[in-house]
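First comes the structure, then the notes that go with it.
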Amino acid sequence: MSTTSDQRYVDLKKLCERIEPKLFDPLSWILLLNLDLIPKEDIGVNPNLKFSSDLMNGDFKGAYSIARSFADSDKPIASHYKELFAIDPELALTFEIAETFFSLAKKRVEIIEQSGFKLY
């Protein structure tokens, strides 16, 4: 059985163009797609990785909190989060993009966990 390229690959740029083109720049710096390749312990202690993980797992409240914390900080990545909030203050469009962007990664993680494979 084969799948269409849309089912195997998500193009963030095309996804953003469909929902809100201005979100591509900040999200391309922030989102991390291959979370299944990172040990869960590392995700738990790295807020930027946790932001992507929360989005992937539908924890939008947690993701919003992390984004707000970064935007209010003086860390180098803060500029991308500030830009994100300038474009999408409630992050509603970001959450919409994340649902599609992370759907394949989430399915991959679920299959790996169900199969009993080690995630990293």
Side-chain angles (χ1 to χ4, degrees):
M1 173 177 13
S2 66
T3 59
T4 66
S5 62
D6 286 347
Q7 293 172 316
R8 290 180 281 143
Y9 176 72
V10 176
D11 184 328
L12 180 62
K13 185 157 183 74
K14 287 181 183 177
L15 185 56
C16 288
E17 285 174 0
R18 192 173 69 220
I19 296 172
E20 172 49 73
K22 294 176 189 172
L23 284 173
F24 176 73
D25 285 337
L27 291 179
S28 66
W29 282 99
I30 295 170
L31 297 182
L32 180 68
L33 181 59
N34 297 317
L35 294 171
D36 56 315
L37 302 177
I38 300 172
K40 285 185 179 182
E41 302 81 36
D42 291 353
I43 292 172
V45 297
N46 182 314
N48 197 53
L49 296 176
K50 182 91 170 87
F51 175 75
S52 288
S53 178
D54 284 354
L55 286 175
M56 182 179 79
N57 291 308
D59 181 2
F60 300 130
K61 185 176 179 180
Y64 183 93
S65 176
I66 291 168
R68 184 81 269 157
S69 175
F70 269 119
D72 294 339
S73 76
D74 60 355
K75 296 180 181 182
I77 199 166
S79 63
H80 303 297
Y81 283 96
K82 288 175 184 174
E83 182 180 3
L84 181 65
F85 277 110
I87 298 165
D88 187 14
E90 300 301 317
L91 301 188
L93 297 173
T94 299
F95 300 148
E96 184 179 341
I97 290 169
E99 286 180 328
T100 302
F101 183 73
F102 286 115
S103 63
L104 293 175
K106 185 174 182 178
K107 187 65 175 168
R108 228 177 21 244
V109 168
E110 289 171 355
I111 290 170
I112 289 169
E113 288 175 345
Q114 288 171 356
S115 301
F117 296 116
K118 195 169 185 172
L119 288 176
Y120 47 90

| message | So, using side-chain hydrogen bond (donor to acceptor under 3.5 Å, both in side chains) as the criterion, who are the partners of Thr94 when residues are at least two apart? | response | Asp88

| How many angstroms lie between atom CG of Leu23 and atom CD of Glu96, to the nearest 0.5 angstrom? | 10.0 Å

| query | Shortest non-hydrogen contact from Leu32 to Ser52? | reply | N-OG, 2.9 Å

| Minimum heavy-atom distance between Asp59 and Gly62, given as atom pair plus value | OD1-N, 2.9 Å

| Interatomic distance, Leu49 atom CG to Ile38 atom CD1 [nearest 0.5 angstrom] | 4.5 Å

| Asp11 (side chain) donor-acceptor with Lys13 (main chain) under 3.5 angstrom | yes

| Can any side-chain N or O of Asn46 pair as donor or acceptor with the backbone N or O of Asp42 at less than 3.5 Å? | no

| task | Please lay out, stage by stage, how Ile97 and Leu12 fare under the test side chain to side chain contact (heavy atoms under 4.5 Å, CB included). | result | CA-CA 8 Å; Ile97 290 169; Leu12 180 62; 3.9 Å; yes

| request: Could you note down all residue pairs passing side chain to side chain donor-acceptor pair (under 3.5 Å) where residues 17-26 supplies at least one of them, sequence neighbours left out? | output: none

| task | Applying side-chain hydrogen bond (donor to acceptor under 3.5 Å, both in side chains), name anything that partners Asn34, two or more places apart in sequence or on another chain. | result | Arg108

| query | Between CD1 of Ile43 and CG of Leu35, what distance do you get to the nearest 0.5 Å? | reply | 5.0 Å

| Can you list every pair that meets ring-ring contact (aromatic ring centres under 6.0 Å, His included) and has a residue in residues 89-111, with sequence neighbours left out? | Phe60-Phe95

Show me the donor-acceptor pairs, under 3.5 Å and distance only, between side chains in residues 63-70 and residues at least two apart or in other chains.
none

Distance-only criterion, 3.5 Å: show the donor-acceptor pairs between side-chain atoms of residues 76-84 and protein atoms not counting sequence neighbours.
| unit_1 | atom_1 | unit_2 | atom_2 | d |
| --- | --- | --- | --- | --- |
| Tyr81 | OH | Asn48 | OD1 | 2.4 |

